[in-house]
Amino acid sequence: MTDIINHEGVAIAPQLPDILPPVKRRTGLAALLRHHPTVLVGGAILVLLVLMAIIAPLLFTVDPTALAPARRLRSPSAEYWFGSDMLGRDIYSRVVYGARVSLVVGISVAAFASLAGLFIGLIAGFVRIADGVIMRFMDGLMSIPPILLAIALMALTRASVGNVILAITIAEIPRVSRLVRSVVLSLREQAYVDAAITSGTRTPQIILRHILPNTLAPMTVQATYICASAMITEAILSFIGAGTPPTIPSWGNIMAEGRALWQVKPAIVFFPAAFLSLTVLAVNLVGDGLRDALDPRFAKRL
Amino acid sequence: MLAYVVRRILATVPVMAIVALFVFSLLYIAPGDPAAVIAGDQATPQDIERIRATLGLDRPFLVRFGEWVWNILHADFGTSIFTGLPVTQLIAQRIEPTFSLMIVTLIFAIVVAVPIGVLAAWKAGTVIDRAFMAFAVFGFSVPVFVVGYVLAYIFALQLEWLPVQGYTPISAGIWPWMKNLILPAAALGFIYIALIARITRTAMLEVLQQDYIKTARAKGLGEGRILFLHALKNAAVPIVTVIGIGVALLIGGAVVTESVFAIPGLGRLTIDAILRRDYPVIQGLVLLFSFVYVLINLMVDLAYIVLDPRIRY
């Protein structure tokens, strides 16, 4: 989960200048995959899952919302690969379509939280007056456990995939901002940034040329962990009834619907659970591999 | 040192103030009439009017916020819109199961995770270490409710060693209380164990390279003594830090774990409050949990003084 990595990031923040990525020679994708097999394995699983989500209608699925009360609670069979739920809906189809929600939420939150965090972190790192105010506010937000913050936000809005994305993004922003800010602060101490300032380079130019490119590596790693965390949070929100609306099949929703009957029909809960875990595992594998690849010194430490 | 302790305690005040301001103003930042937002889609105008009165929406924002904070400082978290009962009373009724679960999980996780991390660092690079690292990635990837269902399926449904769900108050005896908490605590502790064990391993690897460890080995101290007395003590600061930060995971996870194991605690209250859009209850819960989180991290900061005498601010 991202929290962990974020939190470790916080824990090791004082040593950050030390672990900043050294200037890297460009290496090809093939070399990256060869040296870091976890990226290959995780990436391959992810590609398959994304494909599955996109071509869901072609994968022998039926309408995931089609009710068939006469055929409810079937065990897994040739007709119902993963069985059917208490409304007679085909669980296999629901699980395959459910991948869409998880992937969309994970990727969107990673993108939005990274962009917002980058923006806020850059401002905090460059504008001294804003820094104190922004960081005190972020400290406050960070002392609300992220899932609880997302729950509070969902309680105020209508259940929809868009609102789930918004709520989880807001819950993730403080940690990203903090990471970007600490990277910016340590980069500002670098000699080449000093040199750029003395030679009269304007601030926007410095940010664009010298700061932004150097935040890319830690941000990429961070984004994968945010993606993993967002998928888990979405599932948790849906599981407790505060996430994706019940009309849209998502892994959390399927598990929530199976909760009442799970002692009799554990399959309803276990199939979406397995897919969710596999997806998060794949994202984490990519994240760990990228972290090791982009930051060799850090890799040795962990 | 006393000055540091006082300063550190005072530093939690602005943090809690920001949490309070944020939690309070969320309702007004959300688009639309706050009373209508709380009332939901099927509300009658009377419902909205009643909620408006409960929230005191006719008075200025800052006055309401001031009153709200004043009441909280006097342990009054307002009134639940759905039940009409004081939020403080609702929380008090549900607090025991949740805090039992969290404390048992915390102790269980530390007792399991620290030795695993020490062992992994000691055997760095071996099969044991690799197996542990694989477990850690796995632990971060499997959501808490999935672990909960798997554990309940194996140990409660199949083996029938432990109850499937429910909660017994501690007043009914330690063992009945414990019996209901073992599976939830194991499920909730899973990711926490991975987190603590991994930071323990990292911190221990660093310490084990130090010269004083070589000295200790050279003078013939036993490995156990070196690992647990000399090394672990010096690796303690990052470990304790992560234990404190990880409490956020415990709090978030407790809500879900309670749902899986049908434990009537604050998590259940949270879920009911969301479904009923009972915002005063949610406000109270978020504030309470954030306060616990800030308090634990305050204790962590104060523990640094004991753990590392070099730290003097």
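Lettering of chains follows the sequences in order, A, B, ..., and the numbering in each one begins at 1. Only a predicted model underlies this, so the values are computations on that prediction, with no experimental measurement involved.
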Exercise. Who wins among A:P272, A:A150, A:A159, A:A273 for the most heavy-atom pairs under 4.5 Å with chain B?
Worked result: A:A273
Exercise. At what distance, to the nearest 0.5 angstrom, does CG of A:L148 lie from CD1 of B:I282?
Worked result: 9.0 Å
Problem set entry | Engaged part of A:F137 at the chain B interface, taking heavy atoms whose separation is under 4.5 Å | both
For this session: Mind ranking A:L278, A:V283, A:L285, A:I151 by heavy-atom pairs under 4.5 Å with chain B and telling me who comes out on top?
Result: A:I151
For this session: Find out whether A:I144 and B:F289 are in side-chain contact, i.e. whether some heavy atom of one side chain is under 4.5 Å from a heavy atom of the other.
Result: no
Problem set entry | A:S143 versus B:Y293, closest heavy-atom pair with distance | O-CD2, 3.3 Å
For this session: Tell me, yes or no, whether the heavy-atom count around B:F24 atom CZ, taken from other residues, nucleotides or ligands under 6.0 Å, exceeds 12.
Result: yes
For this session: Side chain from CB out, backbone as N, CA, C, O: work out which of these in B:V247 comes under 4.5 Å of a heavy atom of chain A, or both, or neither.
Result: neither
Exercise. Given a strict heavy-atom distance threshold of 4.5 Å, which part of B:A152 is in contact with chain A: side chain, backbone, both, or neither?
Worked result: both
For this session: State, with a plain yes or no, whether a side-chain heavy atom of B:I18 is found less than 4.5 Å away from one of A:D139.
Result: no
Exercise. Do the ring planes of B:Y149 and A:F270 sit parallel (below 30°), tilted (30 to 60°) or perpendicular (above 60°)?
Worked result: perpendicular
Problem set entry | Part of A:L149 lying under 4.5 Å from any heavy atom of chain B | side chain
Exercise. Checking B:V294 against chain A: side chain, backbone, both or neither under 4.5 Å from a heavy atom?
Worked result: side chain
Seminar exercise, completed: When the 4.5 angstrom heavy-atom criterion is applied to B:L285 and chain A, the contacting part is backbone
Problem set entry | Residue B:F22 versus chain A: region with a heavy atom under 4.5 Å | side chain
Exercise. Is there side-chain contact between A:L276 and B:P143, with heavy atoms separated by less than 4.5 Å?
Worked result: yes
Seminar exercise, completed: Note: A:I240 and B:I274 closest approach over all heavy atoms is CD1-CD1, 4.2 Å
Problem set entry | Within 6.0 Å of CG in B:L10, more than 12 heavy atoms from elsewhere | yes
For this session: Please report the shortest heavy-atom distance between A:A152 and B:V286, naming the atom on each side.
Result: CB-CG2, 4.0 Å
Exercise. With only heavy atoms counted, which part of B:Q283 is less than 4.5 Å from chain A, the side chain, the backbone, both or neither?
Worked result: neither
